[in-house]
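Here's the structure, in structure tokens; my notes come after.
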Number of protein chains: 2
Amino acid sequence: MAIRVLIADDHSVVREGLRRFLGRDPELTVVGEASDGAEAVELARQLHPDVVLMDLLMPVMDGIAATAAIRKELLETEVVALTSVLESTAVIGAVRAGAIGYLLKDIQASELRRAIKAAAAGQVQLTPQASAYLMREVRTPEAIEALTEREREVLRLLVQGHSNKEIGRDLQIAEDTVKTHVKHIMAKLGVQSRTQAVLYAMRFGLVSTQQGKQPK
Amino acid sequence: MAIRVLIADDHSVVREGLRRFLGRDPELTVVGEASDGAEAVELARQLHPDVVLMDLLMPVMDGIAATAAIRKELLETEVVALTSVLESTAVIGAVRAGAIGYLLKDIQASELRRAIKAAAAGQVQLTPQASAYLMREVRTPEAIEALTEREREVLRLLVQGHSNKEIGRDLQIAEDTVKTHVKHIMAKLGVQSRTQAVLYAMRFGLVSTQQGKQPK
DNA sequence: CAGCACATCGCCCAGGCGGGTGAACGGGGC
DNA sequence: GCCCCGTTCACCCGCCTGGGCGATGTGCTG
């Protein structure tokens with residue numbers, strides 16, 4: 001019994017390419033093609049495909065909205081986002097909408113076929129970078145809580161743009177100790193520089209996003 | 001030697017009140033009164049007062065223009081804006097024109113006397129809110145506009161937590177060039193580290209406050 | 001009590017960063 | 001034409017940062 005695939009992409013060239021990619025595999029059958037999100041939802045409703053290959057950037061209804069609509073109605077249908085853009089917001093949006101996979105269009109044909117079969121079986125299929133985004137999103141709040149009280153305190157001062165030396169003075173501890181705290185903070189947040197740690201703190205509001213002092 | 005004060009206000013009531021306020025202090029002498037800006041300039045030219053208490057809203061010539069004229073001619077004469085309105089444009093205009101102080105008319109008599117003496121000694125006298133306006137409205141936009149297009153571009157990448165090397169790769173220029181831009185940015189913003197530059201950019205929204213990429 | 005987490009401090013080292021200076025090039029204004 | 005500005009690049013120097021490793025004391029917990 002072949003896996004029934006619905007293709008949703010606004011570029012006919014891409015649809016054609018995908019059909020050729022998948023057509024060679026007897027285990028896969030392309031049962032329909034949609035050129036926008038709304039059409040994808042409509043066709044999915046009629047055809048009950050096993051897997052929908054969903055482009056994210058489409059007219060009328062974007063792929064994420066379409067994914068959410070399909071997943072809400074058709075519990076057996078898995079959606080795999082297949083796009084050319086790799087952005088954290090897109091990845092997270094697609095996953096929240098219920099996509100089981102997030103793949104890039106530069107994928108190899110054989111790899112794509114394998115991924116579709118895996119997705120049909122309910123296995124998650126993510127481009128490595130996509131999983132990194134996901135992990136970050138998930139890990140973020142935990143990363144906050146992983147910080148000790150003292151580390152949060154140091155982070156608060158980092159967010160005010162202070163140097164290690166200044167922080168040491170503020171907290172009445174040695175600069176070396178501050179460095180230790182900063183190292184731990186960066187390790188826990190998974191960042192590579194104090195600036196990134198500050199951005200991290202501000203984005204996720206780990207630290208009271210007070211105005212802080214003007215940089216002197 | 002008493003401090004010689006010139007009062008410039010178009011309301012006789014205010015002039016009278018000020019004269020009474022100041023008359024009690026032996027260290028202060030009201031040497032003249034003007035009822036509009038032009039008259040204030042004329043009297044200042046004749047009397048060479050130490051301090052001019054300048055209302056901003058006056059007929060014929062407003063207080064800001066009068067302040068500019070006086071400061072241009074009489075280097076020894078300090079001008080203190082004394083007004084009932086607190087607006088950023090008025091504060092900035094007065095300061096640009098050369099006022100050393102910006103006070104509100106609801107000030108206490110004793111406080112006003114103290115402020116006049118301080119102004120005569122060259123000390124800045126600003127209502128707290130006035131200095132806030134100065135910071136926000138004057139310093140910030142000028143700092144922003146002082147940046148060149150390329151520097152703003154670099155700052156945008158700084159805000160994303162990139163290192164100099166990464167920025168160089170992104171912009172296809174040498175790391176040394178990036179360093180030059182970063183130096184200029186920090187100098188113009190008046191900050192001491194890249195982190196502070198980033199905070200500056202975020203606070204004042206110099207840069208599109210996009211989410212930026214996750215630090216890899 | 002032994003173990004663990006936390007905070008503290010130290011040292012080493014490499015690489016990044018910040019400051020100074022200089023120089024070349026092109027474009028625009030005087 | 002000349003000069004200023006923006007952009008590019010380079011070199012030097014010294015401090016700061018980030019990573020690794022170790023050590024001590026304290027307080028909580030099993």
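Because only heavy atoms are used, hydrogens play no part in the values below, and waters and symmetry mates are left out as well, while side chains stay in. As the structure is a prediction and not an experimental result, all values here were calculated from the model.
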Exercise for the section: Starting at atom CG of Asn164(A), determine the distance to atom P of dG16(C), rounded to an integer number of angstrom. Expected result: 17 Å
Practice task
List the steps and the verdict of side-chain contact (heavy atoms from CB on, under 4.5 Å) for His181(B) and Ile173(B).
Solution key: CA-CA 11 Å; His181(B) 289 314; Ile173(B) 56 179; 4.2 Å; yes
Handout entry: Ala8(A) backbone acceptor or donor facing Asp55(A) side chain under 3.5 Å
Key = no
Which atoms of nucleotides 20-25 of chain D (N or O only) lie under 3.5 Å from a protein N or O atom, and what are those distances?
unit_1	atom_1	unit_2	atom_2	d
dG20(D)	O6	Lys183(A)	NZ	2.6

Practice task
Looking only at side-chain atoms of Met186(B), point me to the closest of dG18(C), dC16(D), dG18(D).
Solution key: dG18(C)
Practice task
Take Arg152(A) and Glu149(A), measure what salt bridge (charged side-chain N to carboxylate O under 4.0 Å, His left out) needs, and give me the verdict at the end.
Solution key: CA-CA 5 Å; Arg152(A) 259 187 286 271; Glu149(A) 201 45 55; 3.7 Å; yes
Handout entry: Atom-pair distance (NE2 on His181(A); P on dC9(C)), nearest Å
Key = 8 Å
Handout entry: Trace of the salt bridge (charged side-chain N to carboxylate O under 4.0 Å, His left out) decision for Lys105(A) with Asp9(A)
Key = CA-CA 11 Å; Lys105(A) 284 181 181 168; Asp9(A) 196 303; 3.0 Å; yes
Practice task
Indicate, with a heavy-atom threshold strictly under 4.0 Å, whether Lys179(A) touches base, sugar-phosphate, or nothing.
Solution key: base
Problem - Backbone N/O of Leu158(B) and side chain of Arg194(B): donor-acceptor pair under 3.5 Å - result: no
Handout entry: Nearest-Å distance for atom pair CD1/C1', residues Ile167(A) and dA7(C)
Key = 15 Å
Handout entry: For atom NZ of Lys165(B) and atom P of dG18(D), their distance in whole Å
Key = 15 Å
Practice task
Check every atom of dT17(D), dC16(D), dT7(D) against the side chain of Arg194(A) and return the nucleotide holding the closest atom.
Solution key: dT17(D)
Exercise for the section: Check the pair Arg150(A) / Glu153(A) against salt bridge (charged side-chain N to carboxylate O under 4.0 Å, His left out), numbers first and verdict last. Expected result: CA-CA 5 Å; Arg150(A) 198 54 158 172; Glu153(A) 204 165 350; 3.2 Å; yes
Handout entry: Value in whole Å for how far the P atom of dG6(D) lies from CD1 of Ile173(B)
Key = 16 Å
Exercise for the section: May I ask you to decide whether Lys179(A) forms a salt bridge with Glu175(A), counting only side-chain N to carboxylate O separations under 4.0 Å? Expected result: no
Practice task
Would you mind classifying the nucleic acid contact of Thr177(B) as base, sugar-phosphate or nothing, using non-hydrogen atoms under 4.0 angstrom?
Solution key: base
Fill in the blank from the handout: Result for 5'-nearest mapping on DNA chain D, choosing between Asp176(B) and Glu151(B), is Glu151(B)
Fill in the blank from the handout: Separation of dG19(D) atom C1' from Ile185(A) atom CD1, nearest Å, is 15 Å
Practice task
Consider the side chain of Ala174(B), meaning its heavy atoms from C-beta on, and name the nucleotide among dA10(D), dG6(D), dA7(C) that approaches it most closely.
Solution key: dA10(D)
Fill in the blank from the handout: From NZ of Lys188(B) across to P of dG18(C) the rounded distance in Å is 17 Å
Practice task
Would you indicate which nucleotide in dG10(C), dT8(C), dT8(D) comes nearest to any side-chain atom of Arg150(A)?
Solution key: dT8(C)
Problem - Interatomic distance, His184(B) NE2 vs dC9(D) P [rounded to whole Å] - result: 14 Å
Handout entry: OP1 or OP2 of dT7(D) under 4.0 Å from side-chain N/O of Thr148(B)
Key = yes
